[in-house]
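Residue numbering restarts at 1 for every chain, and letters A, B, ... go by the order of the sequence lines.
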2 protein chains.
Amino acid sequence: MTTPTLRTPGLRDRKRAETRARIEDAAVSLVLRDGLEQTTVHAISELADVSPRTFFNYFDSKDGAILGIRNTAMVEEQVAEFLAQPPHRDAIEAVVALLLAIFDAPGGRLTIRKDRMELLQRHPELMASQFEQLTLTHGQIAETVAVILKRYGVSQSADAEDLTSIAGITLAMCGTAVRLAMSTLAQDHTHADTEQIQIRSVALVRATTGSIA
Amino acid sequence: MTTPTLRTPGLRDRKRAETRARIEDAAVSLVLRDGLEQTTVHAISELADVSPRTFFNYFDSKDGAILGIRNTAMVEEQVAEFLAQPPHRDAIEAVVALLLAIFDAPGGRLTIRKDRMELLQRHPELMASQFEQLTLTHGQIAETVAVILKRYGVSQSADAEDLTSIAGITLAMCGTAVRLAMSTLAQDHTHADTEQIQIRSVALVRATTGSIA
DNA sequence: ATCAATAATTGCACACAGTGCATTTTTGCA
DNA sequence: TGCAAAAATGCACTGTGTGCAATTATTGAT
């Protein structure tokens, strides 16, 4: 009988995850210290103790490492996990919760998440990359949003195409709300835990729909 | 008395605008023909009959030329022009109109606009650049949206910070709606003039707010 | 412990984007 | 025509990102 290799990820995968985290940490701390342009892939690799070539085996781009961009498979996993969770009060809360689940670093390392908020404020150019991640995995996420909308019984009359569009717009709205909520809550140097972000995001979305309706 | 050099743009500026347009056209047609990755700045410059170095005197990036990204001053101009226009029915229509005014190519060249819609569908990565343009000029645009929201009397109770957030979310919502409207209307190979896009965008926003409210 | 298969790491060469700087050409105007 | 400003260009350089082949580490089985 072998050791339970199926339960634990195995040495190989553990090392891989560790290396990945080391690169992310190096990237974040260097950009935080020296700025975005000043930080090179070479420097990140050196600090993370890997070769520059290995860096690109783990991430598609410099920004990818800085933001800890996850690939399609990882998002898929998190979406599935989310859908298994207990239901929320309404569609808005559910979509916001979904986004927070996706953006949150696995393992829930609070420090790096807070640092990344800081980075996004100091270097707004990074938001384009974050947005790109969203467009790449947009299919999955928007689809999930559509499922959520259906689940909460909104827009029964809409046809399929409209539902897709509505899901996309809802996603954009909630995504922006989350980003803004993170931004303002990061400025106040309160703890800014996930729950607070959630509450503020939902409030912002409601305020918006209430205002322009 | 000199010739009215203040009224007409003058030969120099006319030539500059023409060169700019030539580069944009070259970029769009090459990407349309060969794809995004296959099209190099070198090739674009050659077709536009300028040196690669000159290319970067006109645009900050390859994507900039492909999308015809305008700089802050140009956006400022278009925003001012928009604000002088007659009022719209409500805030949503006004914001959508603002976005269309900004995205529309000056001179209203229908062909290149249609081509760009095609490009955005074929190469979704480009949306990140479009988004980046939006974040760079985001200050101005979001501010204008805030003005619009005030003008149409929404959210009287909101404090300044909330108004900014609400404006940002409204902008994201309308921007996505416009993008989706362009996308679907480009698929149907109808004419897809600006008015149709306007109508469809507004309808999508209303459907969304109505659904999740 | 040993060994073969497999996966990860690395080095190297390369293509391309983008920038700074000095030089040449073009344009506007007197 | 001739002069000053603006535009175009050539050149050298940094940095990102990729393909490929060689090297090293990990795994599972004997």
inquiry  = Using heavy-atom distances to pick each residue's nearest nucleotide on DNA chain D, tell me which of B:P52 and A:K62 is more 5'.
reply    = B:P52
query = Under 4.0 Å: is that the gap between some side-chain N or O of A:T40 and OP1 or OP2 of D:dG15?
reply = no
task = May I have the distance from B:I44 (atom CD1) to C:dA17 (atom C1'), rounded to whole angstrom?
result = 11 Å
task = Taking only the side-chain heavy atoms of B:S51 (C-beta and beyond), determine which of D:dG10, C:dG18, D:dG17 contains the nearest atom.
result = D:dG10
inquiry  = Can you confirm whether the side chains of B:T39 and B:R33 place a donor and an acceptor under 3.5 Å from each other?
reply    = no
query = Just how far, in rounded Å, is C1' of D:dA25 from CZ of A:R14?
reply = 15 Å
ask   = When the distance from CD of B:Q38 to P of C:dA17 is rounded to whole Å, what number comes out?
value = 11 Å
Check: B:K62 side chain, B:L36 main-chain N or O, donor-acceptor pair, under 3.5 Å = yes
query = Ignoring hydrogens and angles, does a donor from either the side chain of B:R53 or the base of C:dG18 sit under 3.5 Å from an acceptor on the other?
reply = no
message = Is it the case that the side chain of A:K150 and the backbone of A:L163 share a donor-acceptor pair, with hydrogens and angles ignored and the cut-off at 3.5 Å?
response = no
inquiry  = What is the distance, to the nearest angstrom, from the CZ atom on A:R16 to the P atom on D:dT27?
reply    = 13 Å
task = Starting at atom NE2 of B:H42, determine the distance to atom C1' of D:dG10, rounded to an integer number of angstrom.
result = 13 Å
request  = Rounded off to whole Å, could you give me the CZ-to-C1' distance for the A:F56 and C:dA13 pair?
outcome  = 15 Å
request  = Search all heavy atoms of A:I166 against all heavy atoms of B:A207 and return the closest pair with its distance.
outcome  = CD1-CB, 3.9 Å
request  = Round to the nearest Å and state the distance from A:I69 atom CD1 to D:dG17 atom P.
outcome  = 11 Å
ask   = Can a side chain N or O of A:T54 be found less than 4.0 Å away from OP1 or OP2 on C:dT9?
value = no
ask   = Would you say the side-chain atoms of B:T40 pair up with the backbone N or O of B:A43, donor to acceptor, closer than 3.5 Å?
value = yes
inquiry  = In this structure, how many angstroms lie between the C1' atom of C:dG28 and the CG atom of B:D13, rounded?
reply    = 11 Å
ask   = Reckon B:Y58 touches a base, only the sugar-phosphate, or nothing at all at heavy-atom distances under 4.0 Å?
value = sugar-phosphate
